[in-house]
Amino acid sequence: MENFTFWSPTEFVFGRDTESRTGELASRCGAKKVMLLFGGGSAERSGLLPRIRTSLKEQGIDYVDFGGIRPNPTADKVYEGIEVARRENVDFLLAVGGGSVIDTAKAIALGAPTDVDFWKFYNGEAMPQTAMPVGVVLTIPAAGSEGSGNSVITNEKTLQKISVRYPMLLRPKFAVMNPELTMTLPAEQTAYGIVDMLCHIYERYFSNTPATELVDGYSEAIMRDVMDQAMTLRYQPDNYDARADVMWAGTLAHNGICGVGKTEDWASHRLEHEISAIYDVPHGAGLAVIVPAWMKFCAKRNPDKLWKFAINVMAVDPTGHDTEEIISEGISRLEDFYHDLGLTTSMRELVGTEPDIDAMVKSLERNMGKVLGNYVPLSMEDCREIYHMAL
Ligand code: NZQ
Ligand code: ZN
């Protein structure tokens, strides 16, 4: 195991009716005027936003609405939010939604207090020194942004989707997590979220760092449980216990505990971000396409962890089979799992046209340089091959 620092200051408030405590939590953070960020309408329709507004009012906290944030959130919306935050003199950002709303709040939190163009904090031209405080009411377990120091924003002008990690600035102050709020999710959104949180664990599990048995062990337990609960939710979408496990798993998958003491990979995420940047598909749907192709590519070059994954997570019985067969069966079971969730593992089918692999590889190199990932360091030609394998 490598040396590590793990700092997770977020207060997680989990369970039924916890959203009624939002005002109290914001008040404890010193909020006087809140910017209430939300998406395209699901939180209004479900009655959640009115309850949050009431909870703020009860604490004497003023607020200004900032809605209409769309999935794969854009830089334009962040610029608009920065203007509103300044004009309205808000002192706290409250994100009600999923990764897209939370990541927009985080981007505004970086951009509002400074004259530096916020995008420079994403494209690497500048380092942020400060950020406004962000709180979260989570409505979809997926991106893990409620517990992460990351934010992912798409710049439509440059067709770049860039992820940044500033944990000391961007970890939310609190995250309200009521599993009941996720029962209004369409089945496909639940599925995308499950694929995403699992991939957040793969990015850390597939590592060459030796002696990580404890971290690997609990990572495997989370992955197995998420896959089991995913099947329960296919047929019982209102099952509270399954919703609760999946919601907490989404946080554990990405708050850092599954990566402590290890060199992480992140190639699958970078490969996927190029797909959703160009074709605006859901991030989880893109990952269902990329992950099996990435695993097949890595199988011959670095089989050890894939072998362990096949046996310990995908429950492949190794008796009488060689390493190649075991890994191949593990990947095939993972593909079946994605199909059972109703997702495709074909990039062509996902984007509905012949994918422009040249454009994706070119953009990947511009964003990430010449080598991607650590489990198997990938050249740009390797990435091209993986995109072809994912077709
Ligand atoms: O916009 P509304 O109407 O609210 O609908 C949303 C949206 O269409 C809907 N939804 C959310 N909660 C709902 C609901 N519908 C019914 N009932 C509810 N309770 O779900 C749709 C997707 O929402 P979104 O926020 O986009 O989902 P997700 O949490 O998957 O976030 C995806 C974004 O996060 C980024 C992704 O790249 C993508 O841009 N990521 C962020 C990360 C981070 N900050 O740490 C890490 C991830 O790897 C990921 O890249
Ligand atoms: Zn992700």
Side-chain angles (χ1 to χ4, degrees), residues 10 19 37-49 67-75 77-78 95-107 109-110 122 134 136-155 160-167 170-172 175 177-204 237-238 243 246-247 250-251 253-256 259 264-277 280-288 290-291:
T10 307
E19 66 275 16
L37 299 101
F38 49 93
S42 71
E44 196 78 71
R45 282 194 300 278
S46 68
L48 173 63
L49 276 174
I69 297 164
R70 68 166 185 77
N72 294 325
T74 61
K77 195 71 183 171
V78 175
V96 180
S100 297
V101 178
I102 305 168
D103 288 1
T104 301
K106 289 176 174 179
L110 292 174
Y122 284 69
V134 172
V136 171
V137 178
L138 189 67
T139 63
I140 171 171
S145 190
E146 70 281 1
S148 82
N150 299 43
S151 166
V152 186
I153 298 293
T154 298
N155 188 326
Q160 284 173 294
K161 181 173 185 176
I162 297 186
S163 170
V164 292
R165 188 182 279 196
Y166 299 121
L170 290 186
R171 294 221 192 226
M177 300 170 66
N178 176 357
E180 285 178 329
L181 299 179
T182 69
M183 290 179 188
T184 51
L185 279 168
E188 72 273 13
Q189 290 295 348
T190 300
Y192 301 147
I194 281 164
V195 173
D196 190 18
M197 66 181 74
L198 285 169
C199 193
H200 294 157
I201 305 181
Y202 311 149
E203 301 285 13
R204 296 164 163 109
D238 291 346
R243 288 282 179 195
V246 167
M247 194 169 214
T251 303
H254 199 38
N255 78 340
E264 302 179 4
D265 187 64
W266 294 100
S268 299
H269 264 70
R270 306 303 184 217
L271 287 160
E272 191 295 310
H273 282 169
E274 300 306 330
I275 306 178
S276 46
D280 200 13
V281 293
H283 172 58
L287 289 172
I290 285 297
V291 166

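Start at 1 and go down the list; that is how both ligands and their atoms are numbered. Just so you know, these numbers come straight off a predicted model, no measurement behind them. In this chain, residues are counted from 1 in sequence order.
- Neither the backbone nor the side chain of Arg70 comes within contact range of ligand 1; no heavy atom lies under 4.0 Å.
- The backbone and the side chain of Ala143 each have at least one atom closer than 4.0 Å to an atom of ligand 1 (non-hydrogen atoms only).
- Two residues are said to be in side-chain contact when any heavy atoms from C-beta on lie closer than 4.5 Å; Met247 and Thr139 fail this criterion.
- Put simply, the side chain of Ser100 does not reach to within 4.5 Å of the side chain of His283, judged on heavy atoms.
- Residues Met197 and Val246 have side chains in contact (heavy-atom distance under 4.5 Å, counting atoms from C-beta outward).
- Counting the atoms of ligand 1 from 1 in the order shown, those under 4.0 Å from a heavy atom of Ser42 are 2 (P), 3 (O), 4 (O), 5 (O), 10 (N), 13 (C), 14 (C), 15 (N), 16 (C).
- Judged by distance alone, the side chains of Ser148 and Arg165 never bring a donor and an acceptor atom under 3.5 Å apart.
- Within ligand 1, counting atoms from 1 as listed, the ones closer than 4.0 Å to a heavy atom of Thr139 are 11 (C), 12 (N), 13 (C), 18 (C), 19 (N).
- Lys106 does not count as a contact of ligand 1, since none of its heavy atoms falls under 4.0 Å from the ligand.
- Annotation for ligand 1: atoms under 4.0 Å from non-hydrogen atoms of Gly39 are 1 (O).
- Protein heavy atom closest to atom 28 (P) of ligand 1, with residue, atom name and distance, is Gly99 N, 3.6 Å.
- Taking every heavy atom of Asp196 and a limit of under 4.0 angstrom, the matching atoms of ligand 1 come to 47 (C), 48 (O).
- Nearest protein heavy-atom neighbour of atom 33 (C) of ligand 1: Ser100 OG, 3.6 Å.
- With respect to atom 13 (C) of ligand 1, the closest heavy atom belonging to the protein is Leu185 CD2, 3.3 Å.
- Residue contacts with ligand 1 for Ala142 involve side-chain atoms from C-beta outward but no N, CA, C or O (heavy atoms, distance under 4.0 Å).
- Atom OD1 is the N/O/S atom of Asp196 found closest to the Zn ion (ligand 2).
- The protein atom (non-hydrogen) at minimum distance from atom 8 (O) of ligand 1 is Pro71 CG, 3.6 Å.
- For ligand 1 and Pro73, the ligand atoms under 4.0 Å from any heavy atom of the residue are 39 (O).
- Residues Tyr192 and Ile140 have side chains not in contact (no heavy-atom distance under 4.5 Å, counting atoms from C-beta outward).
- The name of the N, O or S atom in His269 nearest to the Zn ion (ligand 2) is NE2.
- Residue Asn72 approaches ligand 1 through these ligand atoms, each under 4.0 Å from one of its heavy atoms: 38 (C), 39 (O).
- Closest to atom 50 (O) of ligand 1 among all protein heavy atoms lies His273 NE2, 3.2 Å.
- The nearest protein atom to atom 27 (O) of ligand 1, hydrogens excluded, is given as Ile140 CD1, 4.0 Å; this is a heavy-atom distance.
- The shortest N/O to N/O separation between His254 and ligand 1 falls below 3.5 Å.
- For His254, every N, O or S atom stays at 2.8 Å or more from the Zn ion (ligand 2).
- Two residues are said to be in side-chain contact when any heavy atoms from C-beta on lie closer than 4.5 Å; Leu287 and Asp196 meet this criterion.
- Looking at atom 17 (N) of ligand 1, its nearest protein heavy atom turns out to be Thr184 OG1, 2.8 Å.
- In terms of polar-atom proximity, Gly41 is counted as a contact of ligand 1, with an N or O under 3.5 Å from an N or O of the ligand.
- With respect to atom 37 (O) of ligand 1, the closest heavy atom belonging to the protein is Lys161 NZ, 2.9 Å.
- Among Arg165, His200, Glu203, Met183, the residue whose heavy atom lies nearest to atom 48 (O) of ligand 1 is His200.
- Side-chain contact between Arg270 and Ser163 is present, with heavy atoms from C-beta onward closer than 4.5 Å.
- Close approach to His269 involves these atoms of ligand 1, each under 4.0 Å from a residue heavy atom: 48 (O).
- The side-chain heavy atoms of Val281 and Ile275, taken from C-beta on, include a pair separated by under 4.5 Å.
- Listed by number with element, the atoms of ligand 1 under 4.0 Å from a non-hydrogen atom of Gly98 are 25 (O), 29 (O).
- Residue-ligand proximity: Gly97 is placed with every non-hydrogen atom at 4.0 Å or more from ligand 1.
- Ligand 1 has a nitrogen or oxygen under 3.5 angstrom from a nitrogen or oxygen of Leu181.
- In Ile102, neither the side chain nor the backbone holds a heavy atom less than 4.0 Å from any atom of ligand 1.
- The residue from Ile153, Thr154, Val152 that alone fulfils the side chain to side chain contact (heavy atoms under 4.5 Å, CB included) condition with Tyr122 is Ile153.
- At least one side-chain heavy atom of Pro141 sits less than 4.5 Å from a side-chain heavy atom of Thr182.
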